[in-house]
Each structure stands twice: as structure tokens, then as C-alpha cells.
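What follows is a short report on a single structure.
Whatever order the structure lists ligands and atoms in, that order sets their numbers, starting from 1.
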Amino acid sequence: MNILLLGSGGREHAFAWKLTQSPLCEQLYIAPGNAGTAQHGVNVPLEADDFDGLKKFVLKNNIKMLVVGPEVPLVKGIYDFFAKDKKLKGIPVIGPSQAGAELEGSKSFAKEFMKQFEIPTASYCTVNQENVEDGIIHIVSGKLPVVLKADGLAAGKGVVIINDFVEATQMLRDILNGKFGEAGKKVVVEEFLKGIEFSVFALTDGEHYVLLPVAKDYKRIGEGDTGLNTGGMGAVSPVPFVDDALMQKVEERIIRPTIYGIKKRGMVYKGFIFFGLIAVDGEPYVIEYNCRMGDPEAEVVLPRLKNDLVELFQATHNGTLNIQNIEQDPRATAAVMLVSNGYPEIYAKGKVMTGMDEVQSSLLFHAGTQADGEQILTNGGRVMAVTSYGDTIQDAIDASNKNAEVVDFEGKKYRTDIGFDLTKGM
Ligand code: AMP
Ligand code: GLY
């Protein structure tokens, strides 16, 4: 069948790599894609949220499955757009309906959902222009630090953690007054949880689910988890402290109640749920839901998945995930992200990339790259994920660090300490 994949990051290159390993995938198209996805299919110059443009393309090219990488088209309702269109309905869309995508699209919706279904998460209060005073009382009567979250999508920039009551109340007003645009019309004020984060990925058909390998990502720009937040500087899988006992708690207290809640509320959901979790003294809590795979988590999770991904997506659409068994590669994987100097703030694009042909022992998943004739140029802050397998996490990290040296471009930066908190003493 012909498949259309939406998105243009490292996650989408990893999807393209995995989908085209399936004998069920005849032709892959990627909109808009990057120089890496073009190695596996045909890039199409359409944005992932240009629904009318995508409709024309899907009909003209006999597309039989749509795989949605990023959250924006999901939160804008691409699932429902297909389901309601006379000509498009029946084409499987891998991703939740707009109602399901609200789990990521609105933090207050997600918190209220977790409250209803008794899913462990930080205590909170939702504030808007009408109840600012309640929000301030909530802040000053709580503990430091204070966590403030813009309700809507803010491209990873909508969360601030502040260690001072006065600054926190000022920040609450600033966000409500537009510091993060429309996303901040409502703000979730949240209790700070102290623990260690990890990511669990489920693929669900709305009734059943399968679990993919667990991963941990490294969001801060600097070594030792310091400096500004980024989209993700690297990731590893598996995560040693996430043992069977912890996973059992995660399934019982978080995953099953979430799937139950989705069903109970009649939310159509045929796609990934990314559970951003934190273990506090061994007890799991939800930090956030995402309605898609993670990036760079996909670049370590998909290489450890042995199943045919197209088959899994067909089962997702047909509601038969209960008869699918996930097979995991026993090896560890690590991804080190090469980024442009200045990221996550101001950085240059258009730098010539070299050394990719010399890398044999790692997978190179392109993120912000663009082909220019024979050359590959940088085209974003996060440029390329160097993913390696290893018998241990440390072996995988060492291999990625070695090849992160080999690929080069002006201003290249990367963290050499991905996995540092997992491998100490190993
Ligand atoms: P989010 O955009 O919700 O993923 O939040 C960004 C980051 O902020 C998370 O990955 C956590 O590191 C941190 N964070 C969010 N909420 C909390 C919380 N309640 N307690 C501690 N850290 C948090
Ligand atoms: N790496 C975190 C995310 O994809 O949201």
C-alpha cells in the first residue's frame, strides 16, 4: 500500500526507516520530510496541517494509510477531517481524534481527565483571567518551587519552574497576559514533583494497547542536565530503574485507567499515547500526556521494535491490538542529537554537512536537514540523531559519541553525557 507520513523531524526519519522495512509498504510519501526521509520515500512539499492540500494528494496518489508524526495536525483535528470526508473516510489515520489529542492540546483538560479517573499526577489548580486571585492564593499557600504551565501547545516552551513566590505570581500574570500567546489564556499551577523522569509509549486502538520499549530523554541543552530546555538532546532505551515492579504500577495506576477513561468518555483514539512520567520514591506520577511518539525517543524506541510497524498500525485501525505481541530487540539503544550552535535560541542554518558516509556502526536519523543538489545542509536547531545499538547502554552511548565526532558541520554541538544518570556505577 501507499503510505503518507506527516512531519519533518528525526522522529519522522525513524518512522520512515521502520515503515519501509515492512513488505506491506509499497510507496512511502513524507510531507514535508527532510533529507533523511527522502532516502526512504518521496518528500512532498506540503505542510502537515495543510488539510486541503493533503486531501488532494491522498486522493491523487492512492494513499491507503496516513501516519501522523507531530501533535499540531492532531490537535487541529486531522483525524476527524478524514473521518468526516466522504472521499477520505475509511483511510486509516494513525493518531487520535481531536477530542483524544486534547490530552496533549490542553493541560487543564489532561489534569481534569486524570482527576476523574484517579490517575496519579501533581496536585493543581487551573487559572484564567476570571480567577487570578485564586491562583495567587494557591501559589503562596503551596510550596516552592512553583510549576506554571500554559494550557495550550507552546512548542515545549510553555512550562516554567520558579523558586520565588513573588516571581511566580508575576509570571502567572505575564502568561495570562500573553507571554506565550494564546496557549497561556489558561494556566495550570502545579505542585513540583521531585524524582526521576522516564517515558512510556503505548499504541492503542481505543480499547486495547501494546507497550513499546521504555525510554528516557535528556531535555536540557547543557551537560549534567543544565541550561535551557530543548526539544531533546538525546535518549536511551531501556531505562534500568524502570523494572517490572515499577512497570506494573505504571500499567495498573496509569495506563489502564487512561485507556478506560478514553473509552468511557467516547474519545476516538487510534494512535500513540506518550506518558511523560516521573518516579517519586518509586511511585509513578504523570507529568504530561502527548498524543504522538516522542522525539528523540522514537529514534531509540523504533530501532528496538522488532514487529512490522505497518501490521501494528493496521491492527490499531482494526481494533485488534489485543492479538499483537510486541517483540523487543534485547540490545540497548542510545541517540545523541547533533544541534546547531545557539540552539535552542538563535542559530544559523544552511551549513554544509560532512562525514555521514564514513559512519557505518550507527543509524543517522536526520532532523533539521535539507538536500541541496549533492550536498546536505543543516536546516534547523536539532540537526541529526546519531543512534547506536550496544550490548549495554554504555556501549550504545560510546558508539553514538564516537560517530557524533565523525559527522560534522560548522557550529555542531552535542551533549557527551547522554545517559549519565543511568550508567553511573554500571
Ligand atoms: P512538559 O512540557 O509538561 O513536559 O514539562 C517540561 C518539563 O518540566 C518536564 O519534562 C519536567 O522536567 C518539568 N516538569 C513539568 N511538570 C513538573 C512537575 N509537576 N514537577 C516537576 N517537574 C515538572
Ligand atoms: N522529547 C520530548 C517530546 O517529544 O515531547
Give the atoms of ligand 2, by number and element, whose distance to some non-hydrogen atom of Gly294 is under 4.0 Å.
4 (O)
Any idea which atoms of ligand 2 are less than 4.0 Å away from a heavy-atom of Phe274?
3 (C), 4 (O), 5 (O)
With Val127, which of Ile139, Ile136, Leu176 fulfils side-chain contact (heavy atoms from CB on, under 4.5 Å)?
Leu176
Checking side-chain contact (heavy atoms from CB on, under 4.5 Å) against Met384, which of Met337, Lys412, His13, Met353 comes through?
Met353
With no hydrogens and no angle check, do the side chains of Asn401 and Thr416 hold a donor and an acceptor under 3.5 Å apart?
no
With respect to [atom], which of [options] exhibits the smallest heavy-atom separation?
atom                    : options                : value
atom 19 (N) of ligand 1 : Arg220, Glu190, Glu288 : Glu190
atom 14 (N) of ligand 1 : Asp217, Ile161, Val160 : Ile161
atom 2 (C) of ligand 2  : Asn290, Asn229, Asp217 : Asp217

For atom 20 (N) of ligand 1, find the nearest protein heavy atom and state the residue, atom name and distance (0.1 Å precision).
Leu193 N, 2.8 Å
In the protein, which heavy atom is nearest to atom 22 (N) of ligand 1, and how far is it?
Phe192 CE1, 3.8 Å
Could you tell me, atom by atom, which parts of ligand 1 come under 4.0 Å of a heavy atom of [X]?
X      : answer
Lys107 : 2 (O), 3 (O)
Val159 : 1 (P), 2 (O), 3 (O), 5 (O), 8 (O)
Glu197 : 9 (C), 10 (O), 11 (C), 12 (O)

With a 3.5 Å distance limit and no angle check, can you tell me whether [X] reaches the backbone of [Y] through a side-chain donor-acceptor pair?
X      : Y      : answer
Gln248 : Ala245 : no
Arg253 : Glu283 : no
Gln98  : Val75  : yes
Thr230 : Lys219 : yes
Tyr79  : Gly95  : no

Pick one of side chain, backbone, both or neither for how Lys149 approaches ligand 1, counting any non-hydrogen atom pair under 4.0 Å.
side chain
Minimum heavy-atom separation for Tyr269 to Cys291, with atom names?
OH-CA, 3.3 Å
Sub-4.0 Å heavy-atom contact, Gly231 with ligand 2:
yes
Do the ring centers of Phe275 and Phe201 come within less than 6.0 Å of each other?
no
Are Phe15 and Phe272, when compared by the centres of their aromatic rings, separated by less than 6.0 Å?
yes
Given that the side chain starts at C-beta and the backbone is N, CA, C, O, which of these parts of Arg292 lies under 4.0 Å from ligand 2, counting heavy atoms, or is it both or neither?
side chain
Taking distance alone, with N or O pairs closer than 3.5 Å, would you say [X] contacts ligand 2?
X      : value
Glu288 : no
Glu297 : yes
Asp295 : yes

Could an N or O of ligand 1 be found under 3.5 Å from any N or O of Ile287, whether backbone or side chain?
no
